[in-house]
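First the structure, in the form of structure tokens, and then the observations on it.
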There are 2 protein chains.
Amino acid sequence: MEDATPIRAGTAAWWLARTANADDRPRRRRILSLDLIADTALSVLDAEGAEALTMRRLAQQLQCSQASLYRHVTSRDELMVLAMDRAVGLGLEPPPEGLDWRRTVEWQAHSFRDFLLAHPGLVPFLRGTERLSPSSLIGMEHSLGRFIDIGLSVREAYATASAFATFVVGSVQFNLGVDTASPMEQGLRRRLYEGLDPDHYPILVAHADELSRMGSQEEFEFGLAALLDAIEARLR
Amino acid sequence: MEDATPIRAGTAAWWLARTANADDRPRRRRILSLDLIADTALSVLDAEGAEALTMRRLAQQLQCSQASLYRHVTSRDELMVLAMDRAVGLGLEPPPEGLDWRRTVEWQAHSFRDFLLAHPGLVPFLRGTERLSPSSLIGMEHSLGRFIDIGLSVREAYATASAFATFVVGSVQFNLGVDTASPMEQGLRRRLYEGLDPDHYPILVAHADELSRMGSQEEFEFGLAALLDAIEARLR
DNA sequence: ACCTGAACACCGTTCAAGT
DNA sequence: ACCTGAACACCGTTCAAGT
């Protein structure tokens, strides 16, 4: 049963192996469970960031030894993948009933983005490997259904659903670490733009004040509307 | 000159302080320079990934002590920001002359995405803080000029340029760690979809084969075309 | 004035030894 | 059969001591 080349966490091979083993794994009553470990990891990751989530810290939180964690999880990487699956499940809330398809997609994009903005520590772990986790697959199933129902092909529905997810992930990833809404950060940014060489950066210098006040919201709304319009155009 | 609260690398305050100090920093001839350190860091990061880029490894590569690195750089975080600025400079190639605006933007989006796909180790470090680096500002200046020239307002130009960058970053970030083009990975993905519970995942199960062969290219092209169409619509 | 060996306080992971 | 103390081989960062 030993693998010479260990399977990397999050790959299709890994998810396959994990779900296959789920049933015949010994299911004794015990205090320490995989679920509890993943939940605790997520709460520490969310509250204090990735660098605070160490195996020692987690063991302390769960009142067990570090070594015990490795009975349920083969590595820290694997733990992160499992914790992120839970995060996706929490972030993908079901949209309200009764909205048309455009409002529904719009609502879900905003909802998931707001969730990620509120939990920035999770964002760097939203990689391609996370797309195959159970919670992500539920989201994909629903998205595919929605887009197929309005007339897209399976291929189109997949590309469209993925493009929305991609854009939301990019929106939060590419704004990590900056608070564009903060007046102090805006002031510093204005000074940075103003101080540039006007020969090389004429536009940034000329519009320093206006540009320094631009936040991430505008770019998100522009891109989201563009994606939605593209679907409507394809339906006609 | 000592700061009680150290300025986080990549923020506007940090870039301001850095450019302000650039001139009066002692400029002796020496073998070890900030440029050399950042270049070496980037080459190690690119060739062997983030976890291989340690201060010890870097010192060994540069044949100096670890401690010497801290004479040029205050922390590993700062080093990463500086290395990434160089990476952005390398990735943002000037587009070929003579193309219309749509082709130009299209070319640049593809060009930067291809660069990132070839250097996946860099992607997790493309955060909001990286938008203010000199290389990024050059790219922003050019993008703003292009969009203003065709008739967008300064605000629209910024939102549009940012949306493109956001989408490219999202496209690579949300495909990190998976090789959707690999036949083996496709086969494993098909098996993963096929094995799902048909009651909960009817579409994924029914179209397992087709969906398992979808790559990240389709979603990128769909989103890119959508953004370009949205600009054209706004111009009318 | 400049550089660095050696230390400090951490990591993830393993395994022999306990119960 | 299950758990874990203690170790291993690493980290980033600092600073007294060298030249």
Side-chain angles (χ1 to χ4, degrees), chain A residues 1-10 14 24-34 36-38 40-42 44-45 48-84 121 124-125, chain B residues 1-10 14 21 24-34 36-38 40-41 44-45 48-84 121 124-125:
Chain A
M1 264 310 203
E2 313 281 311
D3 276 348
T5 52
I7 301 174
R8 194 150 52 94
W14 182 84
D24 46 71
R25 212 181 299 151
R27 283 250 161 259
R28 315 210 171 186
R29 273 171 283 116
R30 71 169 91 198
I31 294 123
L32 199 62
S33 72
L34 185 60
L36 183 60
I37 292 175
T40 310
L42 179 58
V44 173
L45 173 64
E48 304 177 42
E51 66 277 15
L53 176 49
T54 68
M55 300 306 267
R56 281 167 176 80
R57 174 68 206 283
L58 198 57
Q60 175 202 321
Q61 197 91 0
L62 289 163
Q63 306 209 55
C64 68
S65 74
Q66 309 166 46
S68 299
L69 298 172
Y70 287 89
R71 293 186 61 75
H72 299 83
V73 141
T74 68
S75 69
R76 187 176 179 276
D77 277 358
E78 187 170 278
L79 176 63
M80 299 307 279
V81 171
L82 293 169
M84 284 305 295
F125 298 95
Chain B
M1 266 305 201
E2 312 282 312
D3 275 348
T5 53
I7 301 173
R8 193 151 51 95
W14 183 85
N21 293 345
D24 47 69
R25 214 180 298 152
R27 282 251 163 258
R28 314 209 172 187
R29 274 172 281 118
R30 68 170 93 200
I31 293 124
L32 200 62
S33 71
L34 185 59
L36 183 60
I37 292 176
T40 310
V44 173
L45 174 63
E48 305 177 42
E51 66 278 15
L53 176 49
T54 67
M55 300 306 267
R56 280 166 176 79
R57 173 69 206 281
L58 199 57
Q60 173 202 321
Q61 196 91 357
L62 289 163
Q63 307 208 56
C64 68
S65 73
Q66 310 167 44
S68 298
L69 298 172
Y70 287 89
R71 292 187 62 74
H72 299 84
V73 139
T74 68
S75 70
R76 188 175 179 275
D77 276 358
E78 187 169 278
L79 176 63
M80 299 307 280
V81 171
L82 293 169
M84 284 306 294
F125 298 96

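Note that the coordinates shown come from a computational prediction; the quantities given were computed from them, not determined experimentally. Each chain gets a letter, A, B and so on, in the order the sequences are listed, and its residues count up from 1.
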**Message:** It should be established whether B/R76 places a side-chain nitrogen or oxygen under 4.0 Å from OP1 or OP2 of nucleotide D/dT13.
**Reply:** no

**Complete:** Per atom distances to the A/S68 side chain, the nearest of D/dC11, D/dT4, C/dT13 is D/dT4

**Request:** Could you tell me the separation between the CG atom of A/L45 and the OG1 atom of A/T40, rounded to the nearest 0.5 Å?
**Result:** 12.0 Å

**Message:** Any side-chain N or O of B/S65 below 4.0 angstrom from OP1/OP2 of C/dC3?
**Reply:** no

**Request:** Please round to the nearest 0.5 Å and tell me the distance separating atom CG of A/L82 and atom NE2 of A/H72.
**Result:** 12.0 Å

**Request:** To the nearest Å, give me how far apart CG (A/L79) and P (C/dC11) are.
**Result:** 15 Å

**Asked** Can you name the closest pair of heavy atoms from B/Q66 and B/M55 and give their distance?
**Response** CG-O, 4.4 Å

**Request:** Report the nucleotide, chosen from C/dT13, D/dT4, C/dC11, that has the shortest atom-to-atom distance to any side-chain atom of A/Y70.
**Result:** C/dT13

**Request:** Starting from C1' on D/dA9, measure out to CD on B/E51 and report it in whole angstrom.
**Result:** 16 Å

**Item:** Paired stretches of DNA chain C - 3 or more consecutive Watson-Crick or G-U pairs, each distance under 3.5 Å
**Value:** C:4-8 with D:12-16, C:12-16 with D:4-8

**Asked** Whole-Å distance between D/dT13 P and B/R71 CZ?
**Response** 17 Å

**Prompt:** Measuring from A/L79:CG to A/M84:CE, what's the distance to the nearest 0.5 Å?
**Reply:** 12.0 Å

**Separation of atom CD in B/Q66 from atom P in C/dA7, rounded to whole Å** = 13 Å

**Item:** Separation of D/dC11 P from B/D77 CG (nearest whole Å)
**Value:** 17 Å

**Message:** If I take atom CD in residue A/E78 and atom P in nucleotide C/dG12, what distance separates them, rounded to the nearest angstrom?
**Reply:** 15 Å

**Message:** Rounding to an integer number of Å, can you tell me how far A/L58 CG sits from C/dT13 P?
**Reply:** 12 Å

**Prompt:** Hey, which of these two, A/R56 or A/A67, hits DNA chain C nearer its 5' end, going by closest nucleotide?
**Reply:** A/R56

**Item:** Under 3.5 Å: donor-acceptor pair, side chain of B/R76, backbone of B/L53
**Value:** yes

**Asked** Can you check the B/M55 CE to C/dA6 P distance for me, whole Å?
**Response** 20 Å

**Message:** Let me confirm one number: the SG-CG distance from A/C64 to A/L36, rounded to the nearest 0.5 Å.
**Reply:** 9.0 Å

**Message:** Go through it in stages, so that I can follow the logic: the residues are A/L69 and A/L62, the test is side-chain contact (heavy atoms from CB on, under 4.5 Å), and I'd like the CA-CA distance, side-chain angles, deciding distance and then a yes or no.
**Reply:** CA-CA 9 Å; A/L69 298 172; A/L62 289 163; 3.9 Å; yes

